[in-house]
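Counting from 1, the numbers follow the sequence of the chain as shown.
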Amino acid sequence: MTKTALITGASRGLGAAFAETLCDTYHIIAVAKTTGALEELDDRIKTSGGSATLAPMDITNADAMATLCRGIFDRWGGLDLWIHTAIHAAPLTPTDHIDAKDLAKSVATNVTATATLITYVSPLLGQTGCAVFFEDPRGGDKFFGSYGATKAAQAALVRSWQAET
């Protein structure tokens, strides 16, 4: 049986690094908005002998995420690992200058999408799967109002899910 790893935010940075590192032992399901970057990741995975399924989509699109998770269930029956690295980092700015659109995008990506994905991915992980999230303790730091607040909310969701499971 093939072990599967869902990596949200896989097109660059931490997500891409995990995808490349894990592709020797997992089939990578790579999710990101940037198709070109996903294709470049796929090339690197194939060069190293691994395999990947590319899912170019926005994690804030709940319908797309539901379709993806249903497809994962239909094809593999579940997941062994979920690594969530997708994030929106709003521009650093004084708190009294936070742009409403940037804040809304931060909430949609960092909080709402995370909560939605937990709902969809949790059944795929079952009793034996593992989920990995990354905390960033910048909340309360100067100029990190939007980012820090939404990462703190994301961490609270994850800690609650961890306590419940």
Side-chain angles (χ1 to χ4, degrees), residues 1-89 105-138 147 150-165:
M1 181 171 124
T2 301
K3 292 192 330 184
T4 54
L6 171 65
I7 302 177
T8 45
S11 64
R12 62 178 185 248
L14 195 55
F18 271 111
E20 290 180 62
T21 300
L22 294 172
C23 72
D24 292 339
T25 53
Y26 289 85
H27 175 77
I28 304 299
I29 304 160
V31 177
K33 291 189 290 187
T34 312
T35 302
L38 282 175
E39 290 170 346
E40 290 172 6
L41 172 66
D42 188 46
D43 290 342
R44 294 189 304 273
I45 288 172
K46 286 178 181 173
T47 298
S48 71
S51 65
T53 298
L54 306 182
M57 55 186 64
D58 186 340
I59 65 163
T60 64
N61 182 330
D63 291 339
M65 293 298 98
T67 299
L68 173 69
C69 290
R70 180 59 201 214
I72 291 168
F73 177 78
D74 290 346
R75 184 164 180 188
W76 294 285
L79 284 170
D80 297 292
L81 178 62
W82 173 29
I83 299 177
H84 184 59
T85 65
I87 189 159
H88 175 67
K105 188 172 181 179
S106 294
V107 170
T109 304
N110 304 345
V111 182
T112 306
T114 300
T116 301
L117 282 166
I118 288 171
T119 301
Y120 294 163
V121 174
S122 183
L124 295 172
L125 293 170
Q127 296 298 314
T128 59
C130 179
V132 179
F133 296 83
F134 299 90
E135 196 163 357
D136 188 341
R138 299 308 299 254
Y147 174 75
T150 57
K151 279 299 287 182
Q154 182 186 69
L157 284 168
V158 171
R159 283 193 301 275
S160 291
W161 181 40
Q162 180 184 26
E164 296 156 4
T165 57

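- Here the straight-line distance linking atom CG of Leu157 with atom OG1 of Thr116 works out to 9.5 Å at 0.5 Å rounding.
- Counting all heavy atoms, side chain and backbone alike, Ala52 lies closest to Asp42 at CB-OD1, 3.6 Å.
- For the pair Gln154 (side chain) and Asn110 (backbone), a donor-acceptor distance under 3.5 Å is present.
- For the atom pair Phe133 CZ and Ile87 CD1, the distance stands at 12.0 Å (nearest 0.5 Å).
- A distance-only check finds a donor-acceptor pair linking the side chain of Thr85 to the backbone of Thr8 [under 3.5 Å].
- To the nearest 0.5 Å, atom CG of residue Asp80 and atom OG1 of residue Thr2 are 9.5 Å apart.
- When each of Thr53, Leu6, Asp58 is paired with Val31, the side chain to side chain contact (heavy atoms under 4.5 Å, CB included) condition holds for Leu6 and for no other.
- Applying the side-chain contact (heavy atoms from CB on, under 4.5 Å) test to Ala152 and every residue at least two apart in sequence or in another chain returns nothing.
- A distance of 8.0 Å separates NE2 in His84 from CD1 in Ile118, rounded to the nearest 0.5 Å.
- The backbone N or O of Ser106 sits nowhere less than 3.5 Å from a side-chain atom of Thr109 that would complete a donor-acceptor pair.
- For the atom pair CG (Leu81) and CG (Leu22), the distance works out to 6.5 Å, reported to the nearest 0.5 Å.
- Ala30 pairs by the side-chain contact (heavy atoms from CB on, under 4.5 Å) definition with Ala10, Ile28, Leu38, Leu41, Leu54, not counting sequence neighbours.
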Criterion side chain to side chain contact (heavy atoms under 4.5 Å, CB included) on Leu124 and Trp82, from CA distance to verdict: CA-CA 10 Å; Leu124 295 172; Trp82 173 29; over 6 Å; no
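- Closest of all the heavy-atom pairs between Ala86 and Ile59 is CB-CD1, 3.6 Å.
- Between Leu79 atom CG and Cys130 atom SG the span is 11.5 Å, to the nearest 0.5 Å.
- More than 12 heavy atoms of other residues, nucleotides or ligands shown are found within 6.0 angstrom of CD on Glu164.
- Ring geometry, Phe18 versus Phe134: the interplanar angle falls from 30° to 60°, so the pair is classed tilted.
- In this structure, His27 and Trp76 have tilted ring planes: the angle between them lies in the 30° to 60° band.
- Nearest heavy atoms, Ile45 versus Ser51: CG2-N, 3.5 Å.
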Evaluation steps, side chain to side chain contact (heavy atoms under 4.5 Å, CB included), between Thr112 and Val107: CA-CA 6 Å; Thr112 306; Val107 170; 4.0 Å; yes
Worked check of side chain to side chain contact (heavy atoms under 4.5 Å, CB included) between Leu117 and Met65: CA-CA 7 Å; Leu117 282 166; Met65 293 298 98; 3.6 Å; yes
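- Although no hydrogens or angles enter the test, the distance criterion places a donor-acceptor pair under 3.5 Å between the side chain of Thr4 and the main chain of Gly78.
- Summarising the geometry of Ala66 relative to Tyr120, their closest heavy-atom pair is N-CE1, 3.6 Å, with the distance given to 0.1 Å.
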